[in-house]
> 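Once you've had a glance at the structure underneath, I'll fire off some questions.
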Amino acid sequence: MDFELTKKQEMFRTLFQEFAEKEVAPKAFEIDENGEFPWDTVKKMGKLGFLGLPFTKEYGGAGADTLTYIMAVEEISRACAATGVILSAHVSLGCHPIYQFGTPQQKEKYLVPMAKGELLGAFGLTEPNAGTDAAGQQTAAVLDGDAYILNGTKIFITNGGCADVYIVFAMTDPAKGLKGISAFIVEKGTPGFTFGPKEHKMGIRASSTTELIFQDCRIPKENLLGKEGDGFKIAMQTLDGGRIGIAAQALGIAQAALDECVRYTKERQQFNKPLSNFQAIQWMIADMATDIDAARFLVYRAAVLKDKKKPFSKEAAMAKLFASEAAMKHTVKAVQIHGGYGYMKEYKVERLMRDAKITEIYEGTSEVQRMVIAGNTLK
Ligand code: CAA
């Protein structure tokens with residue numbers, strides 16, 4: 001495996017870093033405080049082509065590779081993890097299933113404007129009784145003439161209410177169990193489709209999380225994604241890719257924690273010397289730097305495998321597991337290193353610690369990642 005980035009990838013990385021520093025970081029504190037969705041930034045990302053990075057130009061994308069897109073999520077999350085997940089949920093969970101499984105008409109109608117940043121995407125799988133057990137879908141879709149009628153509720157949906165296009169999973173044939181699940185493309189504004197209030201979260205507060213409520217919602221038959229019964233596989237394959245995105249978000253958070261600690265420990269004096277001169281601190285910094293490098297290798301490897309069209313399910317789960325647990329562990333350490341200051345909202349590490357937690361939960365908990373890794377290792 002080649003560990004060097006190409007010139008083009010380096011160029012993109014610089015662009016993401018500059019954008020994150022100039023456009024994302026200055027707003028991060030305020031939008032976390034207010035829980036305000038960063039529309040401005042999302043629109044700018046759309047104009048710059050970030051919302052369609054890994055899709056071919058034919059479909060309105062930037063024609064970049066997965067690794068480039070993953071570096072965008074990493075760098076943006078380093079500045080603001082809420083903005084990072086808006087990007088990741090849109091690209092990996094909203095656009096990608098249409099790119100991979102959509103008909104030419106679905107791609108033309110939905111993927112092209114989504115990749116151009118004109119429409120925002122989201123993914124509706126989780127339900128009150130179907131979290132880790134994603135196969136236990138209770139939302140029902142019944143074919144009635146030229147439409148499916150959807151009834152049910154999705155919960156904890158990232159970009160909920162803000163997105164224009166939703167990939168929604170529902171049971172079309174309960175007798176077939178997980179082989180009776182189908183996927184649909186649902187537009188915001190469809191009669192019978194409403195949203196719950198925005199959830200108040202511990203972290204990634206500027207991202208929008210809502211319920212999706214379907215009450216006799218008629219979805220045109222042509223909005224079935226893939227074939228009837230393909231839904232579970234579409235969900236699992238989409239999540240394989242999505243998990244690399246969340247791993248990159250966790251990596252960005254962990255890197256930001258290290259950045260803050262390096263700066264702070266060189267400035268902060270105690271006992272007439274900077275904190276960075278104390279071995280107790282140096283060891284924490286060394287562990288942080290090592291875990292972040294290890295996480296980066298796992299995350300980039302999963303992205304490269306995806307680009308090479310090789311199996312990457314296990315590697316994506318490993319990347320997410322390791323990067324999210326490293327982000328959680330080291331943001332806690334970062335608060336510790338900052339002492340009382342780290343507990344104050346004015347210091348970035350306080351937000352990083354709250355933001356890190358969700359990376360161990362969404363798109364499959366750490367326990368789910370271990371199930372996927374064990375399943376692939378033992379089969
Ligand atoms: N790719 C293709 N097919 C797959 C697959 C994959 N990655 N994983 C499983 N499958 C197939 C299997 O091959 C099997 O098919 P066959 O019967 O034809 O052999 C079928 O799916 C069932 O597989 P399992 O028996 O492994 O399924 P399971 O019911 O035991 O579930 C699970 C396994 C890993 C726990 C799965 O349910 C899972 O991933 N759960 C977590 C769900 C999740 O990640 N939710 C996140 C919601 S989205 C989100 O969080 C978004 C956000 O906010 C940003």
Side-chain angles (χ1 to χ4, degrees), residues 73 77 81-97 100-101 120-137 139 154-163 166-169 171 176-181 183 198-199 201-204 206-212 226-227 229-250 302 305-306 309-321 324 355 357-379:
V73 178
S77 301
T83 309
V85 76
I86 294 168
L87 171 64
S88 183
H90 165 82
V91 173
S92 292
L93 303 185
C95 299
H96 208 280
Q100 197 174 351
F101 303 102
L120 193 66
F123 181 83
L125 177 69
T126 305
E127 297 184 358
N129 293 314
T132 287
D133 182 9
Q137 296 285 304
T139 295
K154 301 287 171 182
I155 58 167
F156 305 148
I157 305 307
T158 302
N159 291 346
C162 294
Y166 296 77
I167 309 299
V168 176
F169 297 86
M171 268 297 177
K176 290 190 178 154
L178 57 78
K179 290 195 168 50
I181 298 170
K198 193 173 164 177
E199 304 288 353
K201 307 190 293 289
M202 173 194 285
I204 54 158
S207 71
S208 171
T209 309
T210 69
E211 287 183 352
L212 312 181
K227 292 197 297 292
D230 281 354
F232 193 75
K233 285 205 175 168
I234 292 177
M236 290 301 114
Q237 286 184 33
T238 301
L239 283 167
D240 283 342
R243 285 167 185 165
I244 315 176
I246 299 307
Q249 183 201 23
L305 287 174
K306 181 169 188 298
K309 305 207 181 320
K310 293 197 169 160
F312 67 95
S313 199
K314 179 179 76 174
E315 290 78 5
M318 285 176 164
K320 181 180 181 286
L321 173 65
S324 62
D355 286 349
K357 185 60 206 170
I358 191 62
T359 66
E360 295 183 312
I361 298 172
Y362 59 15
E363 298 204 29
T365 58
S366 292
E367 292 70 29
V368 163
Q369 308 314 319
R370 288 186 169 92
M371 284 164 75
V372 172
I373 297 163
N376 276 279
T377 307
L378 295 167
K379 80 178 171 197

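Counting starts at 1 for both ligands and their atoms, following the listed order. Only this structure's heavy atoms are used, side chains among them; waters, hydrogens and symmetry mates stay out.
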> Considering only heavy atoms from C-beta outward, does the side chain of Leu93 approach that of Leu125 to under 4.5 Å?
no

> Are Phe169 and Phe123 close enough, and set up right, to give a ring-ring contact (aromatic ring centres under 6.0 Å, His included), and what steps lead you there?
CA-CA 9 Å; Phe169 297 86; Phe123 181 83; 5.1 Å; yes

> Protein non-hydrogen atoms only, distance under 4.0 Å: does atom 14 (C) of ligand 1 have such a neighbour?
no

> Checking contacts here: is it the side chain or the backbone of Leu93 that comes within 4.0 Å of ligand 1, counting heavy atoms only? Could be both or neither.
side chain

> Between the candidates Tyr362, Phe312, Phe232, which shows the shortest non-hydrogen contact distance to atom 31 (O) of ligand 1?
Phe232

> Suppose we measure from atom 37 (O) of ligand 1 to each protein heavy atom; which comes out shortest, and what is that distance?
Thr132 O, 3.3 Å

> So do Val85 and Ile246 actually touch side chain to side chain, heavy atoms under 4.5 Å?
yes

> Just so I know, are the side chains of Lys154 and Val168 near enough to count as touching, which here means a heavy-atom distance under 4.5 Å?
yes

> Report yes or no: does Glu127 contribute a side-chain atom to a donor-acceptor pair with the main-chain N or O of Thr139 at less than 3.5 Å?
yes

> Side chain, backbone, both or neither: which applies to Asp133 and ligand 1 if a contact is any heavy-atom pair less than 4.0 Å apart?
neither

> Give the contacting part of Ala134 toward ligand 1: side chain, backbone, both or neither, where contact means a heavy-atom distance below 4.0 Å.
both

> Can you report which non-hydrogen protein atom sits closest to atom 52 (C) of ligand 1, along with the distance?
Thr158 OG1, 3.3 Å

> Can a protein heavy atom be found under 4.0 Å away from atom 24 (P) of ligand 1?
no

> Report, in ascending order of atom number, the atoms of ligand 1 lying under 4.0 Å from any heavy atom of Ser313.
7 (N)

> Does Val91 offer a backbone N or O that forms a donor-acceptor pair with the side chain of His96 under 3.5 Å?
no

> Who's the nearest protein heavy-atom neighbour of atom 50 (O) of ligand 1, and how far?
Glu363 N, 2.7 Å

> Just need the protein heavy atom nearest to atom 47 (C) of ligand 1, so name the residue and atom and give the distance.
Thr126 OG1, 3.3 Å

> What protein heavy atom lies closest to atom 7 (N) of ligand 1? Include the residue and the distance to one decimal.
Asp240 OD2, 2.8 Å

> For ligand 1, which is the ligand I care about here, please tell me if Leu125 has any N or O atom under 3.5 Å from one of the ligand's N or O atoms.
no

> As a check for students: among Gln249, His90, Lys233, Lys320, identify the option with a heavy atom nearest to atom 11 (C) of ligand 1.
Lys233

> Can you tell me the protein heavy atom closest to atom 17 (O) of ligand 1 and the distance?
Lys179 NZ, 2.7 Å

> Can you check whether Gln369 reaches Glu363 side chain to side chain, under 4.5 Å on heavy atoms?
no

> Within the 4.5 Å heavy-atom criterion, are Arg243 and Val368 side-chain neighbours or not?
yes

> Among all protein non-hydrogen atoms, which one is nearest to atom 34 (C) of ligand 1, and what is the separation to 0.1 Å?
Val372 CG2, 3.9 Å

> Do Tyr362 and Ile204 have side-chain heavy atoms sitting under 4.5 Å apart?
yes

> Side chains of Ile373 and Leu321, heavy atoms from C-beta outward: is any pair under 4.5 Å?
yes

> On a heavy-atom basis, I'd like to know which of Arg370, Lys154, Met371, Met236 is closest to atom 38 (C) of ligand 1.
Met236

> Under 3.5 Å, side chain of Thr209 to main-chain N/O of Phe156, donor-acceptor pair present?
no

> When you measure from atom 39 (O) of ligand 1 to each heavy atom in Arg243, Gln369, Gln237, which option holds the nearest one?
Arg243

